[in-house]
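To keep things clear, I will list the structure first and then write my remarks on it.
One-based numbering, in listed order, for ligands and for the atoms of each. Just so it is clear, the structure is predicted and the values come from calculations on it, not from any experiment.
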Amino acid sequence: MSGDPRLTALAASLPAAVPFVGPETQERRSGRGFRARLGANESVFGPSPRVREAIARAGAEAWMYGDPEMHDLTRAIAAHHGIDAAHVKVGEGIDGLLGVLVRLLVAPGDAVVTSDGAYPTFAYHVAGFGGVLHKVPYRDDREDAEALMAQAAEVGAKLVYLANPDNPMGTWLSAGEVQTAIAAVPEGCLLILDEAYADCAPDGVAPPLAPADPRVIRLRTFSKLHGLAGMRVGYAIGPAPLIAAFDRVRNHFGVGRVAQAAALAALADTAWAGEVRGRIAAARDRIGEIAAEAGLRALPSATNFVTVDCGGDGAFARAVLAEMGRQGVFLRMPFVAPQDRCVRVGCGTEADLDLFARVLPTALSAAARAA
Ligand SMILES: Cc1ncc(COP(=O)(O)O)c(C=O)c1O
């Protein structure tokens, strides 16, 4: 506990770290640029040409603040899903929305439930507002919805977090399994259903929207399928009173003017979304083939990355990851055992995956020598 003596007791007690070490930080440390950027679950296929044009047009207007109500974008999202705009709140990516949601619902000491090894930014926000995290292990490399709900009931949780499809494993629960989980949300608790990858997934993964349901809030993003991670736009779909409550604490000018224009154009370009879905599916297959050729097993994925079991323990996978990085391929991996036996490979371009295929056997040999 060091730092500025004026910090609150809570802030002083927190680790001085962000959940992720960015690829840029790694490049600065090593003095070398990555040749394939496959570790941050971005979309290497980028935003569509139409979105790029919209960004260029909006660039000339960047001297103006964005519309703090995000009126046009909110209505376009509502129309896209066939729901009322009162059920939609746009924010600075899912990460930003998670922070607001935790701030609205979690007082210091309140119980919150998540999976051990799940998306760390949620846990980061909970810690930042003084919530107490209770963690449930994965089961068979999937989030265990039944155990999450049982734990939420046991500890009287205010929030329970479930990502479907999941990061870091890429695995998913069926829409039916999610609906069973929603039915089991304890009284007084809210399920955060993080669907960052829902639009990369096949049908039957996301249950139909029921936005007035007070038991669940669903989070979506323009960072994945739409290739706009650098713009920071996501949205929540949930019951109107909870959605309205975001206005009490959110950063009203947080989603910039260019970002709003980009997201609006992305939503309209359904042809590009279809094209990218196809490229993601092809890349998932290719990663599976490359893994198999190297004697490894790729986990089934409904996301824009594939989690590959390196066949050893966490130390072995960390050695593989480090060698991949030295060879110019940026990957990440799960933090917690036994999932940390895997590395996570983004759906890259053909050139990215050619490089991944070339480097993987060398990285495996290097890790085996180090073991
Ligand atoms: C499960 C999950 N939720 C949220 C995010 C972040 O989304 P956004 O870019 O909208 O903040 C990610 C990004 O990797 C993710 O994996």
Side-chain angles (χ1 to χ4, degrees), residues 18-23 37-44 46-47 70 73 77 88-102 114-126 128 138 141-143 145 148 159-173 178 191-201 205-206 216-237 246 250-251 254-256 259-260 262-263 266-267 280 299 301-307 330-336 339 342-347:
V18 293
F20 294 108
V21 180
R37 182 170 160 131
L38 301 177
N41 295 355
E42 299 150 332
S43 178
V44 298
M70 299 165 288
L73 179 57
I77 291 167
V88 177
K89 183 58 69 188
V90 177
E92 302 109 305
I94 291 179
D95 287 356
L97 291 160
L98 283 172
V100 176
L101 201 48
V102 174
T114 185
S115 300
D116 195 11
Y119 186 56
T121 303
F122 174 66
Y124 165 79
H125 286 305
V126 171
Y138 279 65
D141 295 326
R142 301 196 316 155
E143 290 213 66
L148 284 166
L159 289 176
V160 53
Y161 174 88
L162 172 65
N164 194 54
D166 176 62
N167 176 20
M169 302 313 288
T171 50
W172 66 95
L173 306 178
V178 175
L191 169 62
I192 302 181
L193 183 54
D194 182 338
E195 298 185 315
Y197 301 98
D199 42 20
C200 304
V205 173
V216 57
I217 190 161
R218 298 169 70 160
L219 303 176
R220 303 278 176 102
T221 183
F222 288 89
S223 298
K224 308 299 175 187
L225 184 73
H226 297 292
L228 289 173
M231 282 287 170
R232 314 306 305 128
V233 195
Y235 55 98
I237 297 176
F246 275 73
R250 74 184 171 90
N251 178 13
V255 183
Q260 291 185 38
L267 205 58
I280 288 172
L299 273 59
S301 167
T303 63
N304 65 350
F305 61 87
V306 176
T307 299
F330 166 56
L331 306 179
R332 280 204 180 108
M333 60 182 286
F335 298 111
V336 171
Q339 282 71 38
C342 302
V343 295
R344 212 186 57 186
V345 186
C347 287

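For Asp194, every heavy-atom contact with ligand 1 shorter than 4.0 Å involves the side chain, none the backbone. Contacts between Phe222 and ligand 1, counted as non-hydrogen atom pairs separated by less than 4.0 Å, are absent for every part of the residue. Contacts between Tyr235 and ligand 1 below 4.0 angstrom, taking non-hydrogen atoms only, are absent altogether.
Of the N or O atoms in Asn167, one or more lie within a sub-3.5 Å distance of an N or O in ligand 1. Of the N or O atoms in Ile94, one or more lie within a sub-3.5 Å distance of an N or O in ligand 1.
Put simply, the side chain of Phe222 does not reach to within 4.5 Å of the side chain of Met231, judged on heavy atoms. Residues Glu143 and Leu148 are in side-chain contact: their nearest non-hydrogen atoms beyond the backbone lie under 4.5 Å apart. Here the side chains of Arg232 and Asp95 are in contact, with some heavy-atom distance below 4.5 Å.
Remark: minimum distance from atom 13 (C) of ligand 1 to any protein heavy atom is reached at Lys224 NZ, 2.8 Å. Among all protein heavy atoms, the one lying closest to atom 9 (O) of ligand 1 is Ser223 OG, 2.6 Å.
When every heavy atom of Tyr138 is checked against every heavy atom of Ala118, the shortest pair comes out as OH-CA, 3.5 Å.
No heavy atom of Gly234 sits closer than 4.0 Å to any atom of ligand 1. Using a 4.0 Å heavy-atom cutoff, Arg232 is listed among the residues neighbouring ligand 1. For Tyr197, the heavy-atom gap to ligand 1 drops under 4.0 angstrom.
Atom numbering of ligand 1 starts at 1 in the shown order; those under 4.0 Å from a heavy atom of Tyr161 are 1 (C).
No hydrogens or angles considered: a donor-acceptor pair under 3.5 Å links the side chains of Arg344 and Asn41.
By the 30° and 60° cut-offs, the orientation of the rings of Tyr119 relative to Phe20 is tilted.
Taking CG of Leu38 as the start and CZ of Phe330 as the end, the distance is 9.0 Å to the nearest 0.5 Å. Once rounded to the nearest 0.5 Å, the distance linking CD1 of Ile192 with CG of Leu162 reads 10.5 Å.
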